[in-house]
Protein chains: 2
Amino acid sequence: MEPNIAYIANLIGDTARSRMLTALMADKALTATELSVEADITPQTASSHLNKLLDGELLIVRKQGRHKYFQLKNRQVAELIEHMLNVSASISSPKIVTGPSNERLRKARICYDHLAGELGVKLFDALVREGWILERGSEELVLTAQGHRSLSQLGIDFEVLNKSRRPLCKACLDWSERRTHLAGSIGKWILNDALKRQWAHQDLDSRAIQFTASGLNAFNKQYRI
Amino acid sequence: MEPNIAYIANLIGDTARSRMLTALMADKALTATELSVEADITPQTASSHLNKLLDGELLIVRKQGRHKYFQLKNRQVAELIEHMLNVSASISSPKIVTGPSNERLRKARICYDHLAGELGVKLFDALVREGWILERGSEELVLTAQGHRSLSQLGIDFEVLNKSRRPLCKACLDWSERRTHLAGSIGKWILNDALKRQWAHQDLDSRAIQFTASGLNAFNKQYRI
DNA sequence: TCTATAGTTCGAGCAACATCGAAGCATCAA
DNA sequence: TTGATGCTTCGATGTTGCTCGAACTATAGA
């Protein structure tokens, strides 16, 4: 038999569960209670949903004291959610409502482990313009020799990155901008570096990334945005 | 608001609808009745499901006389389904049952527009071994100069392929083999070429690709499998 | 030991929706 | 015009499963 995609899709296809999954796209482990708040349901209901998601192997859980920390099982699952976000965003009928909290999400947010939103797209454009990465076709990205040099100077350790089997650069479609932004281990490094330098911090309650005024300046300068 | 992934997921998450979608992965337009047979439901029920899939913009339809031909809306949708097949296949609980008709599917099948299954993986391995394509990391593929030469000799027209914004080579994870096979416009060309040369033909009732004995020989020889 | 918090299990209520029979419309081929 | 085929609309039925209140277990802290 072919794999049963209805099972997985049905799992994601519930409003409460899909909200939990989307919340977990921030790549942060969340507790059952936090997720119940996120999904706007009671803890009992959340407990039932979380068990289903565990059964379906979309989540993993770590127990710490009286807390349970849930997170997405792996990158494959995260990429599936991302894919669904993209397809959903390209649909016309259920209109996308604009709100104040979404303004921040649209500006800059975390997409599993790299920067997305307006700033993510700007970053990508700048890297291409400066010749650090090269677009081959519309989906394939290549790091140039110059990009390698420049990023090394910024402190990236390619020795470490090359050890992982993950590609350095990867194109990721942005659902709010409908444009490409940078994923892959370099994308991850750039976000982590900005957080480490305290140019920005992640919102406690959402996937939004808040840049400080000076942090944004430094970030823009560093990447010629 | 973030895009509503529950809506799309819920659409795919019904057994009947998911069967229809999987059937359409063969990239062939099917009529409403054919799809109702595929999903094992009455035409009335199928009609209702197909309308929902149209509303959700997962399908498009062409009317021809008293027939209605449905197909997947675009490659993005097909890739989403493929992604779900992969995630589903990597789940342990709902075991994959082996059956006679699946034997053929596992050997060689169409994955939207390129070759998948055992033969697809073998093809990929051969192309890498012969140095026609290069694996960078685990997901990124590059066409080598030698690959360009060799494929040109086989009749591929890179002028045409380069016009499309689609990447030449792309890695696609195979749900039955759990290994990489070749997608992208070259993958598409190779399959089409084999069909054109009548080395193989597509099953009428499924996504299986049937090679003739001599066709398989020629195919293996051409690509050093 | 007592209390507060995190998470669970059970059961009942309720709404959503997949399903099909019956009947209807549209098209094609005589 | 008649009959056959493809597809749809309508209404009734039944099941699934999301939901929460109530009561429970488990852990942490004092």
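Quick note on labels: first sequence line is chain A, next is B, and so on, each numbered from 1.
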Please write out the pairs of protein N or O atoms and N or O atoms of nucleotides 2-9 of chain D separated by less than 3.5 Å, giving the distance to one decimal.
| from | atom 1 | to | atom 2 | distance (Å) |
| --- | --- | --- | --- | --- |
| D/dT5 | O2 | B/Arg66 | NH1 | 2.9 |
| D/dG6 | O3' | B/Arg66 | O | 3.1 |
| D/dC7 | OP1 | B/Lys68 | N | 2.9 |
| D/dC7 | OP2 | B/Thr33 | N | 2.9 |
| D/dC7 | OP2 | B/Thr33 | OG1 | 2.1 |
| D/dT8 | OP1 | B/Lys68 | NZ | 2.9 |
| D/dT8 | OP2 | B/Ser47 | OG | 2.7 |
| D/dT8 | O5' | B/Ser47 | OG | 3.3 |

Rounded off to whole Å, could you give me the CD1-to-C1' distance for the A/Ile41 and D/dC20 pair?
-> 11 Å

A/Lys63 has a side chain; which of C/dC20, D/dT27, D/dC20 sits nearest to it?
-> D/dT27

Look only at the side chain of B/Ser47 and the backbone of B/Pro43, and say whether a donor-acceptor pair between them is shorter than 3.5 Å.
-> no

side-chain N/O A/Thr42 vs D/dC20 OP1/OP2, d < 4.0 Å = yes

Under 3.5 Å donor-acceptor, A/Arg109 side chain and A/Ala208 backbone = no

Closest to side chain of A/Lys52, choosing from C/dA18, D/dC18, C/dG21 = D/dC18

Report the distance from atom CE of A/Met20 to atom P of C/dG7, rounded to the nearest whole Å.
-> 11 Å

Verify the distance criterion only: is there a donor paired with an acceptor across the side chains of B/Thr42 and B/Thr45 at less than 3.5 Å?
-> yes

From OH of A/Tyr7 across to P of D/dT16 the rounded distance in Å is 16 Å

For the side chain of A/Arg62 and the backbone of A/Tyr69, is there at least one donor-acceptor N/O pair under 3.5 Å apart?
-> no

Round to the nearest Å and state the distance from A/Asp14 atom CG to C/dA16 atom C1'.
-> 12 Å

Kindly calculate the angle separating the two end axes of the helix from C/dT1-D/dA30 to C/dA30-D/dT1, each obtained from five base pairs, and round it to 10 degrees.
-> 30°

Between A/Glu34 and A/Thr31, is there a donor-acceptor pair closer than 3.5 Å when you use the side chain of the first and the backbone of the second?
-> yes

Provide, to the nearest angstrom, the distance between the CG atom belonging to A/Asn10 and the P atom belonging to C/dC17.
-> 12 Å

Side chain A/Thr22, main chain A/Ser18, donor-acceptor under 3.5 Å = yes

Specify the separation, in whole Å, of atom CZ of A/Arg19 and atom C1' of D/dT19.
-> 14 Å

D/dC18, C/dT19, D/dC20: which one has an atom nearest the side-chain heavy atoms of A/His49?
-> D/dC18

Cationic N near anionic O, under 4.0 Å, A/Glu57 to A/Lys73 = yes

Rounded to the nearest 0.5 Å, what's the gap from CZ on A/Arg17 to CG on A/Asn10? Could you check?
-> 6.5 Å

With sequence neighbours excluded, tell me which residues meet side-chain hydrogen bond (donor to acceptor under 3.5 Å, both in side chains) with A/Asn51.
-> none

Does a nitrogen or oxygen in the side chain of A/Thr45 sit under 4.0 Å from OP1 or OP2 of D/dC18?
-> no

